[in-house]
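Let me give you the structure first, and then I'll get to my questions.
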Amino acid sequence: MDLYQLFKTQTPIIGVVHLLPLPTSARWGGSLKAVIDRAEQEATALASGGVDGIIVENFFDAPFTKNQVDPAVVSAMTVVVQRIQNLVTLPIGLNVLRNDGKSAMAIASCVKAQFIRVNVLTGVMATDQGLIEGEAHQLLRYRRELGSDVKIFADVLVKHARPLSSPNLTVAVKDTIERGLADAVILSGWATGSPPNLEDLELACGAAAGTPVFIGSGANWENIDTLMQAANGVIVSSSLKRHGKIEQPIDPIRVSQFVEAAHRSWNSKGESKSIPSVKLHS
């Protein structure tokens with residue numbers, strides 16, 4: 001399956017729904033209905049603004065557990081994703097923070113979502129949750145056990161983290177794809193809302209050798225023209241929020257502005273800039 005088959009475009013824009021704090025998290029507010037209502041509003045705003053896919057994250061559950069989340073989080077995210085699927089027909093992905101790829105795979109497989117994001121698939125990263133080790137071995141075998149075709153989008157040298165080994169971007173990209181079997185890789189800046197630089201994107205695309213490379217943070221309607229010179233797609237959140245503030249809900253007007261800016265950029269170059277042979281691993 002290629003990007004066009006999954007997203008109906010070779011250059012997908014994936015908007016993020018940041019869930020309000022979920023049960024057992026430090027700031028859980030006691031109402032799952034409030035979580036669902038806001039998620040539905042944000043998903044609708046993203047879809048009406050023209051994004052090509054949506055990814056759902058337990059973003060406001062910080063401070064995060066580094067690996068497995070509580071079963072209540074899995075249950076809540078499953079319910080939320082199903083409610084979103086009742087409202088929009090876009091491809092849906094999951095990111096269970098900080099690094100619970102197995103729970104993300106379980107939810108996605110059960111609700112027939114299309115992809116997951118995994119912050120650390122390979123290698124070892126020093127993070128604010130402690131040392132996080134990639135678990136590609138377990139995740140890939142779990143996907144096989146489930147008989148699932150959910151795609152794995154994996155961060156490379158993920159934000160809010162530092163690698164323990166030498167941070168060689170080319171090696172990290174190749175390891176994530178060739179040894180971790182990621183279906184796509186994601187490159188971010190150093191923190192939420194911080195963009196990767198163009199040079200790093202170009203290095204990542206060269207190392208990826210045809211596997212899709214996504215911008216994972218910091219994209220806005222002012223820089224998307226530059227960033228997409230060396231990427232196949234973008235995951236965007238902060239710049240779509242009201243007043244550009246991460247804690248605010250999605251602003252449908254800002255979504256439309258971003259989508260229009262991205263389409264203008266791609267139309268001026270011709271969407272054929274994305275290599276048609278780009279594939280996701282089966």
Side-chain angles (χ1 to χ4, degrees), residues 2-19 38-57 59 84-85 87-93 95 114-115 117 153 159 184-189 191-198 200-202 204-205 212-276 278 280:
D2 63 21
L3 284 178
Y4 188 86
Q5 287 178 308
L6 187 60
F7 295 105
K8 303 299 183 276
T9 174
Q10 291 281 12
T11 47
I13 301 168
I14 301 173
V16 185
V17 172
H18 284 154
L19 300 180
R38 171 139 158 183
E40 288 180 333
Q41 292 166 2
E42 296 207 335
T44 302
L46 288 168
S48 63
V51 302
D52 305 300
I54 291 172
I55 188 164
V56 180
E57 292 186 352
F59 181 83
I84 289 173
Q85 288 173 319
L87 292 175
V88 305
T89 59
L90 295 171
I92 303 291
N95 187 12
Q114 285 77 14
F115 63 102
R117 180 177 183 173
F153 291 22
K159 59 192 173 186
V185 295
I186 302 167
L187 200 66
S188 300
T192 300
S194 171
N197 64 55
L198 185 59
D200 285 346
L201 280 169
E202 289 171 342
C205 283
V213 174
F214 282 79
I215 299 156
S217 67
N220 57 50
W221 52 81
E222 295 174 335
N223 66 18
I224 188 62
D225 182 49
T226 299
L227 294 175
M228 283 303 295
Q229 291 177 30
N232 301 103
V234 57
I235 299 171
V236 59
S237 175
S238 302
S239 66
L240 307 184
K241 300 293 188 83
R242 191 177 299 159
H243 309 303
K245 302 292 186 183
I246 195 70
E247 70 278 1
Q248 293 293 317
I250 295 287
D251 182 341
I253 295 174
R254 292 174 76 97
V255 179
S256 297
Q257 289 174 329
F258 181 88
V259 170
E260 288 170 9
H263 287 172
R264 277 198 307 271
S265 166
W266 301 336
N267 289 339
S268 68
K269 300 180 181 71
E271 200 180 57
S272 60
K273 74 160 192 63
S274 288
I275 302 169
V278 164
L280 296 176

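Just so it is clear, the values below take in all heavy atoms, side chains as well, and ignore hydrogens, waters and symmetry mates. Start at 1 with the first residue, then count along the sequence.
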Item to check | Within-4.5 Å side-chain heavy-atom neighbours: R264 and D225 | outcome: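 They are not in contact (no side-chain heavy atoms under 4.5 Å apart), so the answer is no.
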Checklist entry - With Q114, which residues qualify under side chain to side chain donor-acceptor pair (under 3.5 Å), at least two apart? => result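 For Q114 there are no side chain to side chain donor-acceptor pair (under 3.5 Å) partners, ignoring immediate neighbours.
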Checklist entry - Tell me, do W221 and R254 make a side-chain contact under 4.5 Å, heavy atoms counted? => result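 With C-beta onward as the side chain, the pair touches.
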Item to check | Interatomic distance, I250 atom CD1 to L46 atom CG [nearest 0.5 angstrom] | outcome: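 Answer rounded to 0.5 Å: 4.5 Å.
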Item to check | Note, I246 side chain near K241 side chain (heavy atom, < 4.5 Å) | outcome: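 They are in contact (side-chain heavy atoms under 4.5 Å apart), so the answer is yes.
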Checklist entry - With sequence neighbours excluded, what pairs up with F115 under the ring-ring contact (aromatic ring centres under 6.0 Å, His included) test? => result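 Testing F115 for ring-ring contact (aromatic ring centres under 6.0 Å, His included), a comparison that skips the adjacent residues, returns F7, F153.
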Checklist entry - If you measure from CE on M228 to CG on L201, what distance do you get to the nearest 0.5 Å? => result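 These two atoms lie 9.0 Å from each other.
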Checklist entry - Looking at CG of L240 and CG of N220, how far apart are the two atoms once the value is rounded to the nearest 0.5 Å? => result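 The distance works out to 9.5 Å.
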Checklist entry - Does atom CD1 of I253 have more than 12 heavy-atom neighbours from other groups under 6.0 Å away? => result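 No, CD1 of I253 has 12 or fewer neighbouring heavy atoms, counting only those of other groups under 6.0 Å.
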Checklist entry - With a 4.5 Å limit on heavy-atom distance, are the side chains of I84 and L87 in contact? => result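 Answer no - side chains too far apart.
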Next on the checklist: Out of the candidates I54, I14, V17, only one should pair with I92 under the side chain to side chain contact (heavy atoms under 4.5 Å, CB included) rule; please name it.
Outcome noted: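 By the side chain to side chain contact (heavy atoms under 4.5 Å, CB included) criterion, I92 pairs with just one of I54, I14, V17: I54.
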Item to check | With sequence neighbours excluded, residues passing side chain to side chain donor-acceptor pair (under 3.5 Å) with D200 | outcome: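 Scan of D200 (side chain to side chain donor-acceptor pair (under 3.5 Å), adjacent residues dropped) gives N197.
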Item to check | side chain to side chain contact (heavy atoms under 4.5 Å, CB included) partner of H18, chosen from P249, S237, S238 | outcome: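 Answer after filtering P249, S237, S238: S237.
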Checklist entry - Just how far is it from atom OG of S239 to atom CG of N223, taken to the nearest 0.5 Å? => result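 These two atoms lie 8.0 Å from each other.
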Checklist entry - From Q229 CD over to C205 SG, what is the distance, rounded to the nearest 0.5 angstrom? => result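 Between atom CD of Q229 and atom SG of C205 there are 11.5 Å.
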Item to check | P12: which of L90, L6, L3, I235 passes side chain to side chain contact (heavy atoms under 4.5 Å, CB included) | outcome: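 That would be L3; it is the only one of L90, L6, L3, I235 passing the side chain to side chain contact (heavy atoms under 4.5 Å, CB included) with P12.
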Next on the checklist: Working to the nearest 0.5 angstrom, can you tell me the gap between L227 CG and L198 CG?
Outcome noted: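 Between atom CG of L227 and atom CG of L198 there are 7.0 Å.
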